[in-house]
Amino acid sequence: MLAIIGGSGLTQLSCLEISNRQIIRTPYGEPSGPLTFGKLKNEDVVFLARHGHGHTIPPHAVNYRANLWALHSLKPSHVIAVASVGGIRSDLIPGRLVIPHQIIDYTHGRKFTYFDTTDQRVTHIDFTIPYCQQTRVLLLQAATHANEEIIDGGVYAATQGPRLETAAEISRLERDGADMVGMTGMPETALARELGLNYATLAVVANYAAGRGTNVNGIPLREIYAVLERAMVSVRNILEYVVSRDGY
Ligand code: HPA
């Protein structure tokens, strides 16, 4: 079964034929909301809205551990995390879709690991390649079949939020090698690896990052939602191809 985590702009998966919703409790507390089970193109899918059904949970308050634990308990074939980002690299203009291949963590104060108790051996995970390559390829191939333009690769900078960045912060992220910036990529990506999930991110560029493109004097927030709404048509289209190629 494919698992989909929906971000801003994708709090519901309208193309999903819902069969039931299930509240799952985990040792880490409750996920952002009930898991929604249903069929997409006749294939089983589970969907979880990262920010809650009504988009009320800010990025720093998301219970990432509970979310990933709940999905992991269902043994999904792949986990696809849809996430909105600000574009730093010049080709990452609003509306573009991109599958990041690397991530840098600038978040703090979040519950970022399952390995934080003293009753188990100290555990380090390999995180050299943070995203599951097989899942990335699944997304890239689905996009090709769906006739949707998509960019293969980019470095995701995960910031703390909920405020957007300053122009100087974006310049710093760019000097660090970041191509896009979002607030939810960490610890979600690392927790997925700790659980051994086949996890990749489908990033949607919602806006030029602060100080970039047409946003030299500020980010017009109202436009972000309009961009996301349009882009989600492509996202849904790609997800439909992903499930039909998932091969389970
Ligand atoms: N910065 C951080 N997170 C974001 C942005 C941004 O510009 N756009 C969408 N998520």
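Atoms within each ligand, like the ligands themselves, are counted from 1 in listed order.
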What protein heavy atom sits nearest [atom], and how far away is it?
atom: atom 5 (C) of ligand 1; result: Gly86 N, 3.4 Å
atom: atom 4 (C) of ligand 1; result: Val181 O, 3.6 Å
atom: atom 8 (N) of ligand 1; result: Asn207 OD1, 2.7 Å

Those atoms of ligand 1 less than 4.0 Å from some heavy atom in [X]:
X: Ser84; result: 9 (C), 10 (N)
X: Leu164; result: 1 (N), 2 (C), 5 (C), 6 (C), 7 (O)
X: Glu165; result: 1 (N), 2 (C), 6 (C), 7 (O)

Does the ring centre of Tyr64 sit less than 6.0 Å away from the ring centre of Tyr28?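 Ring centres of Tyr64 and Tyr28 not closer than 6.0 Å.
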
Short N or O distance, Thr159 and ligand 1, threshold 3.5 Å exclusive: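 No: no nitrogen or oxygen of Thr159 is under 3.5 Å from one in ligand 1.
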
Looking only at heavy atoms, what is the nearest atom pair of [X] and [Y], with distance?
X: Ala206; Y: Leu228; value: CB-CD2, 3.8 Å
X: Leu48; Y: Gly33; value: CD1-O, 3.6 Å
X: Arg110; Y: Pro187; value: CD-CD, 3.8 Å

Can you tell me which portion of Val85 lies within the under-4.0 Å heavy-atom range of ligand 1? Options are side chain, backbone, both, or neither.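 The answer is the backbone of Val85.
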
Kindly say whether Ala70 contributes a backbone atom to a donor-acceptor pair with the side chain of Ser73 at under 3.5 angstrom?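 Yes, Ser73 side chain to Ala70 backbone: donor-acceptor pair under 3.5 Å.
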
Among all residues two or more places apart in sequence or in another chain, which pass the side chain to side chain donor-acceptor pair (under 3.5 Å) test with Asp126?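 Checked Asp126 against side chain to side chain donor-acceptor pair (under 3.5 Å); matches are Thr128.
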
